[in-house]
Colleague: 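One structure, as structure tokens, below. Some questions next.
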Amino acid sequence: MKVVFLGDSITDAGRRTDENGMGNGYAFYASKIIKSRHPVTEFEFINRGINGDKIIMLAERMQEDCIDLQPDVVSILIGINNTACREDTLNWYTSEHFEGAYRQILTDIKTKTNAKIIILEEFLFPVPGKDHWRVDVDSKIGITRKLAREFADVYVPLDGLLHAHCLDAYPVAWSHDGVHPTEAAARIIAGYYADAFEKVFAKLN
């Protein structure tokens with residue numbers, strides 16, 4: 001079973017300098033959990049996250065990083081860089097720009113592969129100095145949820161799930177900059193991912 005992870009630095013997590021190609025983020029930990037749950041299944045996990053990617057950049061590399069691979073399962077975690085790159089001016093990317101590119105990605109997967117789709121919600125931990133990002137992040141999350149209802153086999157509402165963990169510990173325990181998870185947070189995300197994967201695994205077997 002071939003599983004492809006798509007996304008930005010949260011997915012990349014150093015995978016291009018890692019000997020196993022999976023990095024040290026949620027994708028790595030999720031692959032470990034999934035393999036432990038299904039020891040007789042042969043998996044090929046492929047991490048195609050790229051640091052700094054925005055939604056249009058992911059759309060432009062879909063052929064090589066997803067379609068050509070013909071995966072059984074594709075997961076997507078993307079969007080926070082569309083907010084980050086406009087933080088100085090607050091001139092956020094329009095909803096039409098974000099939705100159009102995301103819709104292109106999902107349409108390509110649906111029409112050019114037989115893959116099941118897992119969409120992970122973009123998230124922002126409530127750390128100091130990032131409050132002004134929230135209005136744009138919430139807007140993009142709304143679009144992601146809308147598209148998930150149309151395209152996804154499973155949706156993981158990470159922003160809400162991770163905010164719940166901020167009741168148990170200060171947000172900086174989970175992310176120093178509000179965006180990039182600590183190891184502890186990456187393991188939490190991996191757990192949510194692995195649980196979501198069970199739903200598509202059942203459909204493929």
Side-chain angles (χ1 to χ4, degrees), residues 3-13 25-27 29-30 33-34 47-50 52-59 66 73-87 92-95 97-107 109-110 115-127 130-131 133-168 171 174-175 177-182 184-200:
V3 182
V4 172
F5 297 83
L6 299 176
D8 49 34
S9 58
I10 301 168
T11 303
D12 183 323
Y26 78 89
Y29 296 118
I33 296 170
I34 291 167
N47 187 340
R48 286 292 182 268
I50 293 185
D53 253 15
K54 304 175 190 66
I55 192 76
I56 193 65
M57 299 161 72
L58 177 56
C66 181
V73 180
V74 177
S75 69
I76 306 169
L77 173 53
I78 195 73
I80 196 64
N81 286 324
N82 283 69
T83 298
C85 71
R86 297 291 181 93
E87 69 165 321
W92 311 118
Y93 282 100
T94 66
S95 295
H97 169 93
F98 186 78
E99 181 173 344
Y102 213 149
R103 182 174 293 276
Q104 177 186 330
I105 290 165
L106 294 167
T107 299
I109 296 171
K110 280 288 190 184
K116 300 297 183 184
I117 299 173
I118 301 174
I119 295 179
L120 294 90
E121 186 172 274
E122 51 268 66
F123 58 85
L124 179 67
F125 285 99
V127 301
K130 290 295 193 299
D131 288 346
W133 288 27
R134 179 46 67 178
V135 62
D136 189 58
V137 171
D138 284 348
S139 173
K140 300 302 188 288
I141 286 173
I143 293 168
T144 303
R145 291 176 177 175
K146 171 187 172 182
L147 293 172
R149 291 192 295 271
E150 185 175 344
F151 289 95
D153 293 281
V154 187
Y155 185 69
V156 186
L158 280 180
D159 191 59
L161 292 169
L162 294 175
H163 270 244
H165 287 277
C166 293
L167 300 178
D168 303 322
W174 307 121
S175 175
D177 61 3
V179 174
H180 297 94
T182 61
R187 289 180 180 273
I188 289 171
I189 295 169
Y192 288 127
Y193 184 103
D195 290 344
F197 183 86
E198 290 302 303
K199 298 178 182 179
V200 297

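In what follows, every heavy atom counts, from backbone to side chain, and hydrogens, waters and symmetry copies are set aside.
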Colleague: side-chain contact (heavy atoms from CB on, under 4.5 Å) for Ile117 and Lys110? Distances and angles first, verdict last.
Modeller: CA-CA 9 Å; Ile117 299 173; Lys110 280 288 190 184; 3.9 Å; yes
Colleague: With side chain to side chain donor-acceptor pair (under 3.5 Å) as the test, pick out the partner of Lys140 among Asp136, Thr144, Asp138.
Modeller: Asp136
Colleague: Can you tell me which residue among Thr11, Ile119, Ile55 is in a side chain to side chain contact (heavy atoms under 4.5 Å, CB included) with Ile78?
Modeller: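 So, applying the side chain to side chain contact (heavy atoms under 4.5 Å, CB included) to Ile78 and each of Thr11, Ile119, Ile55, only Ile55 qualifies.
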Colleague: Could you tell me if the side chain of Arg149 sits less than 4.5 Å from the side chain of Arg145, heavy atoms only?
Modeller: yes
Colleague: State whether Arg134 and Asp159 are salt-bridged, where the test is any N-O pair (Lys NZ or Arg NE/NH1/NH2 against Asp/Glu carboxylate O) under 4.0 Å.
Modeller: yes
Colleague: Compare every heavy atom of Ser175 with every heavy atom of Thr182, then report the nearest pair and how far apart it is.
Modeller: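 The answer is CG2-N, 3.8 Å.
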Colleague: Working to the nearest 0.5 Å, report the span between CG of Leu77 and CG of Asp8.
Modeller: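 Going from CG on Leu77 over to CG on Asp8, the span is 6.0 Å.
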Colleague: Rounded to the nearest 0.5 Å, how far does CD1 of Ile109 lie from SG of Cys66?
Modeller: 4.5 Å
Colleague: Minimum heavy-atom separation for Gly25 and Ala186, please, with both atom names.
Modeller: C-CB, 4.1 Å
Colleague: Between the main-chain N or O of Gly52 and the side-chain N or O of Ser9, is there a donor-acceptor pair closer than 3.5 Å?
Modeller: no
Colleague: Could you check whether any side-chain heavy atom of Phe197 comes within less than 4.5 Å of a side-chain heavy atom of Ile33, counting everything from C-beta outward?
Modeller: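 Phe197 does not reach Ile33 side chain to side chain.
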Colleague: Counting N and O atoms only, with roles assigned by atom type, does the side chain of Trp174 sit under 3.5 Å from a partner on the main chain of Phe125, one being a donor and the other an acceptor?
Modeller: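 The answer is no, because no donor-acceptor pair under 3.5 Å joins these two groups.
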Colleague: For side-chain contact (heavy atoms from CB on, under 4.5 Å), just list the numbers for Tyr102 and Ile76, CA-CA rounded to whole Å, side-chain angles, deciding distance to a tenth of an Å, and then say yes or no.
Modeller: CA-CA 10 Å; Tyr102 213 149; Ile76 306 169; 3.5 Å; yes
Colleague: Decide yes or no on side-chain contact (heavy atoms from CB on, under 4.5 Å) for Asn82 and His97, but give the supporting numbers first.
Modeller: CA-CA 10 Å; Asn82 283 69; His97 169 93; 4.0 Å; yes
Colleague: Measure across Tyr26 and Ala190 and return the closest heavy-atom pair with its distance rounded to 0.1 Å.
Modeller: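 Where Tyr26 meets Ala190 most closely, the heavy atoms are O-CB, 3.5 Å.
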Colleague: If you look at every heavy atom in Lys54 and Cys85, which pair is closest and at what distance?
Modeller: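 Here Lys54 and Cys85 meet closest at CE-SG, 3.4 Å.
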Colleague: Determine the minimum heavy-atom distance between Ala59 and Ala101, stating which atoms define it.
Modeller: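 Closest approach of Ala59 to Ala101: CB-O, 4.0 Å.
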Colleague: Please examine the side chains of Ile10 and Glu122, heavy atoms only from C-beta on, and report whether any two atoms are closer than 4.5 Å.
Modeller: no
Colleague: Find out whether Ile189 and Leu162 are in side-chain contact, i.e. whether some heavy atom of one side chain is under 4.5 Å from a heavy atom of the other.
Modeller: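 Side-chain contact under 4.5 Å: yes.
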Colleague: Can you see whether Tyr93 has Arg86 sitting over its ring - NZ or CZ less than 6.0 Å from the centre and within 45° of the normal?
Modeller: yes
Colleague: Does Ile118 offer a backbone N or O that forms a donor-acceptor pair with the side chain of Asp153 under 3.5 Å?
Modeller: no
Colleague: Locate the shortest heavy-atom distance separating Ala30 from Tyr193; write the atom from each residue and the value.
Modeller: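 Looking at all heavy atoms of both residues, the shortest contact is CB-CD2, 3.7 Å.
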Colleague: Are more than 12 heavy atoms, taken from residues, nucleotides or ligands other than Lys199, located less than 6.0 Å from that residue's NZ atom?
Modeller: no
